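Have a look at the structure below before the remarks.
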Amino acid sequence: MKKILLFCASLFCLSAADAKITMPQLFQSGMVMQRGKVMPIWGKADAGETVTIKFNKKEYTTTADADGRWRIDLPKMKAGGPYKIEVRGENGEVREISDVLIGDVWLLSGQSNIDVHIERVYPQYTTEIDNYENTYIRLFRVQNETSTHGVKDDIRPTSINWKPLNKQNAWPFSAVGYFLGKKMFEKNKVAQGIIVNSWGGTPIEAWISEDSLKADYPMLIKRTQMYQSDNYVRAQMQANGAANQQWDAILNQNDPGIKEVRGENGEVREYPFTSLSYDDNSWRTIDQNNWMWRGTGSVWLRQHINIDKAHAGMPARLLLGTLFDQDITYLNGKEIGHTYYQYPPRRYDIPEGLLREGDNVIAVRFINKYGAAHFIPQKPYMLCFGDDRMSQNPMPKDVIPLGDKWKMHIGAEMPNCPSGDVSLQNLPTTLYNAVLYPLAPYAINGVVWYQGESNTGNPAPYADYLKKLMGCWRDRWQDQQMPFVIVQLANYDGRQQTAFPRPITPQAEPVNSSWAQLREAQREVVKADAKAELAVINDLGETVDIHPLRKKEVAERISLCFDRLLYNNKVKLSPEVVSTEVKDNQIILTLDQPIQAGQIETFEVAGADGKFANATAIADGNRITIISPLTSPLSPLSIRYAWKDNPLQANARSLSGLPMSSFEITIK
């Protein structure tokens, strides 16, 4: 019996010695904690274990509960640092977190426009990015993960974990986050912590809690429950992977353009359709501005370009616009770039010595599994030389434009690739569960929500979704005053995917735009929320690109919104209508501020029949006078402004240049 007791005691000592205090991934050296707020620190230990935190010459103690959870709230502090945090268990275990700064922490979330990296926008801001670094701005990227089984305790480890801002660390980081951190540091001169938590293509439902959705949208919850079988999901993903591999293998076996040409020693020299010496005279000539290939499989395009003696052998950068969908691009038989999906700009570096004097050939192999292969219009297509070849703002001084004409030949036509894709990130609640819930209650100063493109197919419920998202996030942080900046959808014209001829003409007549409907949902929700502001960016988009590159300007408008929410409520944002008046056939809108005077485009008016017609409008001071095109004063009277997917002609701006949001108002 004595031996048994000694053995049990030994086991107890071993388990106590092996016990570890764990903390969430957010708590790492280099972290930024929020000034002026209680700063929770939490983690896990053995049930009943005493946990002590030593911070700023003081000690704070708590006891882990029956589930091993513990939490200590550090008191409010002013900006400063660096500090050190020591977390100790009762058995002598010590975890040290160093280089801790106290400043402002921002959470940026949404879909791919938040996630667009500095690498993507670098040509717009080369000098600024090359010459700026700041150790007081720290970057944290939440690693993507999903959960169909309820909420998680922690996020996955990430490679961008409170890294100081410099070009190298920022290269794969959010451009909006980069520029917001920089702008807020310039304004407030305190440390900035930027937490980016986004996933491209995701709908808003994925970011909302189950409790918030289940009463009003039970079918959404059932959609997620369909994927709670890990075996089913694993099997489906394996099947999808196998189908794609088989499709690719059959494509490559049947594409004559990649039959290997071997040298005398058996080495692969080049593919036939990529070779400079290949005779493409029999190929069909197409104009890239009016070409689409609606097949499935591969199609080849070749263009010959003459290089003079001065440029021969020089390193260069090929700007090949943006292509749909996947491409592999070659120069004189050598692969110079490969992009796996439609959105990234094609910027392919050409090494020194590859360009030859005289004739050269660019060969592009499009691979298409859906949709139609095509060039995106209004993008740069050229060879760039010189030290400034990386810049596109301004464009390099030494360029050779590509021609619009290409030689075309179908490589291999294929059946549709079998698809049963399991995109768990697009299911309701899965991202709230896995990557939002675990972040709380980490103290933050405000939230940026930049999302909506994936919900334009059904904008009707978006206003309710957005209210639920803001509500459940505030509940999670137990802070009903948590500030939100909602970035409104930018201008974009999705017709470019199918429209001919190009360039696309603006939408002149009234249309029931789904993009405008979603912008209106964003505007209405913000208007009803005292702790939210709207960053209007309907002039910063691109007609042909759902990922516009002017992210610095987006960040500047977000910073203005936070200025008004947190620091100075007198800051002027985008103009807003505060009252309306009808006099005969005139409708007078009074705004919250003066705007730039003159004729205002894109106003529309409708009577009781709901049929909108274009209307003339004049701005003077803080008033806009609309001349109704209706023949009689009908009631109710509806007014729309900038009600387009891509309202290029909308020109109502504040005196400082901020655009007015699109809107719809009904006067009864």
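The shown structure was predicted, so the numbers you read here are calculated from the model rather than taken from an experiment.
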Salt-bridged, [X] to [Y], with N to O below 4.0 Å?
X: R523; Y: E576; answer: no
X: D545; Y: K379; answer: yes
X: D529; Y: K467; answer: no
X: R640; Y: E520; answer: no
X: E553; Y: K551; answer: no
X: D325; Y: K369; answer: no
X: E542; Y: R550; answer: no

request  = Take the angle between the ring planes of Y341 and Y343 and call it parallel below 30°, perpendicular above 60°, tilted in between.
outcome  = perpendicular
request  = Please work out whether the ring planes of H374 and F324 are parallel, tilted or perpendicular, with thresholds of 30° and 60°.
outcome  = parallel
ask   = Between K644 and D493, is a salt bridge (Lys or Arg N to Asp or Glu O under 4.0 Å) present by the stated rule, with each step listed?
value = CA-CA 9 Å; K644 320 280 185 188; D493 195 335; over 6 Å; no
So which atom in [X] and which in [Y] form the shortest heavy-atom distance, rounded to 0.1 Å?
X: T580; Y: I665; value: CG2-CG2, 4.3 Å
X: R346; Y: T322; value: NH1-CG2, 4.2 Å
X: D539; Y: P659; value: OD1-CG, 3.4 Å
X: P40; Y: P441; value: CG-O, 3.4 Å

ask   = More than 12 foreign heavy atoms under 6.0 Å from CZ of R623: is that the case here?
value = no
inquiry  = For D620, I'd like to know if atom CG has over 12 heavy atoms of other residues, nucleotides or ligands within 6.0 Å.
reply    = no
Using side-chain heavy atoms (C-beta onward) and a distance below 4.5 Å, is [X] in contact with [Y]?
X: D479; Y: R474; answer: no
X: L658; Y: S574; answer: yes
X: I194; Y: L108; answer: yes

inquiry  = Are W449 and F484 an aromatic pair, judged by ring center distance below 6.0 Å?
reply    = no
message = Would you say the rings of W106 and F562 are close, in the sense that their centroids are separated by under 6.0 Å?
response = yes
